[in-house]
Amino acid sequence: MKKRILQLASIVSLVALAIGFYLWNKPPETVEGNEGINTTAASIISAFEQDEQVATKKYLSQVVSVQGTVAEISYDQDSSVVLLLYGTDPLNGVQCTMKDKNIAVKIGSPITIKGFCSGYTTVVLLTDCIIEKEGNNS
Amino acid sequence: MIGLLMKTFSSILFILFLFSAQLHAHKWMTRMGKISFYSSTPVENIEAVNNQISALLETQTGDVAFVVPIRGFKFEKALMQEHFNENYMESEQFPKATFKGTIVEYEKVDFTKYGKYIVTVKGQLTIHGVTKFVTITGALQVEKNSTTIASKFLVKPADYNIKIPSIAASKIAEKIEVTVDCKLNPTRDK
């Protein structure tokens, strides 16, 4: 009897340890394989501009797939590629920090980008982005 | 004759003034500034980096403003990032931290002269929905096409009503070191 309890206890603690180890080393979530919320640059921007709280509830930390046009290509201070999609006026836009450092896109090209929404400053922010579709969306 | 000379002279001055006003932008900004923080305890060190900071500097008034999207902080471990957002910063409820302040004696900074200026900034720091008046020292590196704002300061989570459960208390420092490194570019708008 005592042996059974000891056996059971050791199995339970091993499982707990394994779960703990898995959780501790859990890799970051990726956008691949996650369909996400489909939207356009103009509509996600106006959602944040009209009611930031509502838009935050809907989009923050969610996977979002945004259809737009490349307005700017730049690098952040850690040399990640950052694409800006045209907004509804010259001061706004959707700023996408790309996961991949080698990106070949042109200013003015239509594009669909998928990433995690990390909020809104003066632009809508997406991180860990991938290019879902290049060229015209039909 | 002297009157005419004076007139010409003052109009030249006026033109020069207009010219210099156009050459030097008054607003410098970035949407890709960098802020990181570091928590050090004997149990573990925790570090996170955010490259999505919006920062604005007005050279005429010395006003500075920062907007920090909390979800933009990236950690080494996914679990740390999850705890940071869900348990400590409650980023769904408080998605941004902000700082609004003014450089003390900003007239001492000559934005036409390249170099490093040590400055003190006073203003309001809002984290986790709690606003505090703070005084922070930092440096401005003025260059031809950029001005970099750099600073290192300590933030006490308890001051901003960030509750750390006793089980995690040994892993999270009482004071978190925040490092600001934002490279601003002149804006074209007048």
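Proteins come first, then strands; the chains are lettered A, B, ... in the order of their sequence lines, and each starts at number 1. In this text, all values refer to a predicted model and were calculated from it rather than measured experimentally.
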Within a radius of less than 6.0 Å around [atom1] of [X], do more than 12 heavy atoms belonging to other residues, nucleotides or ligands occur?
X      : atom1 : result
B/I167 : CD1   : no
B/E174 : CD    : no
B/K77  : NZ    : yes
A/E35  : CD    : no
B/E76  : CD    : no
B/Q141 : CD    : yes

Just how far is it from atom [atom1] of [X] to atom [atom2] of [Y], taken to the nearest 0.5 Å?
X     : Y     : atom1 : atom2 : value
A/D76 : B/R31 : CG    : CZ    : 12.0 Å
A/D78 : B/N51 : CG    : CG    : 4.5 Å
A/T97 : B/K74 : OG1   : NZ    : 8.5 Å
B/M32 : A/Q95 : CE    : CD    : 5.0 Å

Could you state whether [X] and [Y] fall into the same hydrophobic cluster, counting links through intermediate Ile, Leu, Val, Met, Phe, Trp or Tyr residues with side-chain heavy atoms under 4.5 angstrom apart?
X      : Y      : value
B/V178 : B/I149 : yes
A/V64  : A/V82  : no
B/M89  : B/F66  : yes
B/I172 : B/Y38  : no
A/L6   : A/L14  : no

Interface residues of residues 122-130 of chain A facing chain B - heavy atom cut-off under 4.5 Å:
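Within residues 122-130 of chain A, near chain B: A/T122, A/V123, A/L125, A/L126, A/T127, A/D128.
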Residues in residues 41-61 of chain A that sit under 4.5 Å from chain B, counting heavy atoms only
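Under the 4.5 Å heavy-atom cut-off, A/E52, A/T56, A/L60, A/S61 qualify.
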Part of [X] lying under 4.5 Å from any heavy atom of chain A:
X     : value
B/N85 : neither
B/E82 : side chain
B/K96 : side chain

Work out which heavy atom in [X] is nearest to a heavy atom in [Y]; give both atom names and the distance.
X      : Y     : answer
A/Q77  : B/K34 : NE2-CB, 3.7 Å
A/W24  : B/M80 : CH2-CE, 3.6 Å
A/S118 : B/Q52 : OG-OE1, 2.7 Å

Where on A/S80 is there a heavy atom nearer than 4.5 Å to chain B: the side chain, the backbone, both, or neither?
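Neither part.
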Would you mind checking which part of A/Y75 comes under 4.5 Å of any heavy atom in chain B, side chain (CB onward), backbone (N, CA, C, O), both or neither?
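Just its backbone gets close to chain B.
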